[in-house]
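When a ligand or atom number is given, it counts from 1 through the structure's own listing order. Every heavy atom of this structure was used, including side-chain atoms; hydrogens, water molecules and symmetry mates were not. Note that the structure is a prediction, hence the values are computed from the model and not measured.
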Amino acid sequence: MNSLQAKNFLCFSPISFLFYGLAIICLTSTNVSASYDGNETDYLALLSFKSKITHDPYKVLTSWNHSFHFCDWSGISCGKRHKRVNALQLNSQGLEGSLSPHVGNLSFLREISLENNSFQGTIPHELGRLSRLRRLHLNINKFSGVIPTNLSGCSNLKDLWLALNYLSGSIPKEMSLLSKLSRLVIQDNNLTGGMQTFLGNITSMEVFTARRNPFGGSIPDTLGVWKSLTVFYSGDSNLYGRIPHSIFNLSLLVNFSLAENHLSGSLPSEIGSQLPNLELLQSRNNELTGVLPPSLSNCSKLGLLEMGDNNLVGS
Ligand SMILES: *[C@@H]1O[C@H](CO)[C@@H](O)[C@H](O)[C@H]1NC(C)=O
Ligand SMILES: *[C@@H]1O[C@H](CO)[C@@H](O)[C@H](O)[C@H]1NC(C)=O
Ligand SMILES: *[C@@H]1O[C@H](CO)[C@@H](O)[C@H](O)[C@H]1NC(C)=O
Ligand SMILES: *[C@@H]1O[C@H](CO)[C@@H](O)[C@H](O)[C@H]1NC(C)=O
Ligand SMILES: *[C@@H]1O[C@H](CO)[C@@H](O)[C@H](O)[C@H]1NC(C)=O
Ligand SMILES: *[C@@H]1O[C@H](CO)[C@@H](O)[C@H](O)[C@H]1NC(C)=O
Ligand SMILES: *[C@@H]1O[C@H](CO)[C@@H](O)[C@H](O)[C@H]1NC(C)=O
Ligand SMILES: *[C@@H]1O[C@H](CO)[C@@H](O)[C@H](O)[C@H]1NC(C)=O
Ligand SMILES: *[C@@H]1O[C@H](CO)[C@@H](O)[C@H](O)[C@H]1NC(C)=O
Ligand SMILES: *[C@@H]1O[C@H](CO)[C@@H](O)[C@H](O)[C@H]1NC(C)=O
Ligand SMILES: *[C@@H]1O[C@H](CO)[C@@H](O)[C@H](O)[C@H]1NC(C)=O
């Protein structure tokens, strides 16, 4: 039921009525308010999102006005039948401001993509209410504060992309409840607290990129249960100790980087047969000892091998 109600109606031309959702608004003294064939809560949440944007250089939010149903606003997608917002996609729009907690009211959301803008402030813990959310893409912004523990409420989350922000604190242990999480992309932040053993509980992990964070600690043995893992980047993460041998059991690994840490110990002689799909292996700038395993010559897809600045012998 699309309807426009013009209050204080002073302009009597018939063209001021609604044609197929497109309103032509009288210029003077006319208050137009829209009631939408949709959910009031979604509408209010989007208005709140807009109200927190302080700069919109490409005027992408201009279309967020009463002339259109919110499902037709740029960056918004809705379900066809229910007209509930299921995606909010505004990548690379130069938006400045904070992310409204009311976004947590968009209960049908499956995707939030706000990459490469200038959102600042914290990631609202209210997002934890979005149980249908599959993708949360917030890379390349200015978010600070911690990763909210409440995100564990997003039980369908597959992608959590928070790279290139100013996030601090540790990865909350509640993340281990995200049984579908497969791509955790958190590089280039200020995360500490080590890579804790609970991470192994996220058995759906396929891509884990955490480089350039001051994590500290060692790599837990429990990551050996990430049987679907294809990409593991944890260079420049202040990691100590040995690389647990369980990692070399992850036969689907394609790209594996641990460059620029303080890792010690040796590489297993059978690495070449254990990780047959390797395309990239980086371990330069560590404290590894022993022999550079000749079996690596059996990794037929290996395109980049960086093992310099260690105490390895062999050729
Ligand atoms: C009409 O619009 C003005 C300014 O936007 C607002 O202050 C006023 O409350 C509105 N009146 C009604 C009856 O909606
Ligand atoms: C809008 O959605 C909220 C949350 O899903 C629900 O509680 C409310 O009843 C809905 N309102 C309408 C008018 O459909
Ligand atoms: C509403 O959005 C349309 C499309 O972006 C734009 O042309 C129009 O000027 C906007 N109207 C108002 C009142 O901002
Ligand atoms: C980020 O967005 C700007 C426009 O605001 C664009 O020029 C730039 O190419 C984008 N960068 C990336 C990495 O997408
Ligand atoms: C939406 O969310 C905000 C903040 O989380 C809350 O205060 C508000 O009551 C919620 N409900 C509606 C219908 O806007
Ligand atoms: C989110 O966090 C707040 C306070 O931190 C708490 O009251 C609320 O119950 C949490 N919600 C979920 C879904 O975890
Ligand atoms: C990183 O976090 C530490 C505290 O954990 C703080 O002292 C430091 O200023 C932060 N650095 C940046 C670049 O935010
Ligand atoms: C991880 O799984 C183990 C074994 O199932 C369980 O004992 C432990 O409590 C889990 N840890 C977290 C943080 O969920
Ligand atoms: C590697 O996997 C095999 C077979 O699943 C298992 O028996 C072995 O204990 C694992 N090795 C390590 C170091 O986890
Ligand atoms: C692995 O690394 C190479 C070289 O950086 C890159 O071209 C390729 O896309 C990466 N593969 C995956 C699965 O990330
Ligand atoms: C390479 O693989 C073949 C077949 O599995 C094996 O016989 C050979 O010893 C391996 N070479 C090295 C250097 O490990």
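- When side chains are defined from C-beta on, Ser182 does not count as touching Met205, because their heavy atoms never get closer than 4.5 Å.
- Ser77 contributes no side-chain N or O that, together with a main-chain N or O of Ala87, makes up a donor-acceptor pair within less than 3.5 Å.
- The distance criterion of under 3.5 Å between nitrogen or oxygen atoms is met by Asn255 with respect to ligand 10.
- Close contacts of ligand 10 with Leu280, meaning ligand atoms under 4.0 Å from a residue heavy atom, involve 2 (O), 4 (C), 5 (O).
- Taking the six-membered ring where tryptophan is involved, the planes of Phe232 and Trp226 are tilted, since the angle between them lies from 30° to 60°.
- Under the 3.5 Å distance criterion, the side-chain polar atoms of Ser246 are matched with a main-chain donor or acceptor of Asp221.
- Taking the six-membered ring for Trp and thresholds of 30 and 60 degrees, His262 and Tyr240 have nearly parallel ring planes, at less than 30 degrees apart.
- Looking at Ser234 and Leu239, their side chains come closer than 4.5 Å, going by heavy atoms from C-beta outward.
- Listed by chain and number, Tyr58, Ser92, Gly94, Asn116 each place a non-hydrogen atom less than 4.0 angstrom from ligand 4.
- Judged as a disulfide bond (SG atoms under 2.5 Å apart), and not counting sequence neighbours, the contacts of Cys78 are Cys71.
- The contact set between ligand 10 and Val231, taken as ligand atoms under 4.0 Å from a residue heavy atom, comprises 12 (C), 13 (C), 14 (O).
- A donor-acceptor pair under 3.5 Å links the side-chain atoms of Asn141 to the main chain of Ser118, judged by distance alone.
- Some N or O of Asn190 is nearer than 3.5 Å to an N or O of ligand 7, by distance alone.
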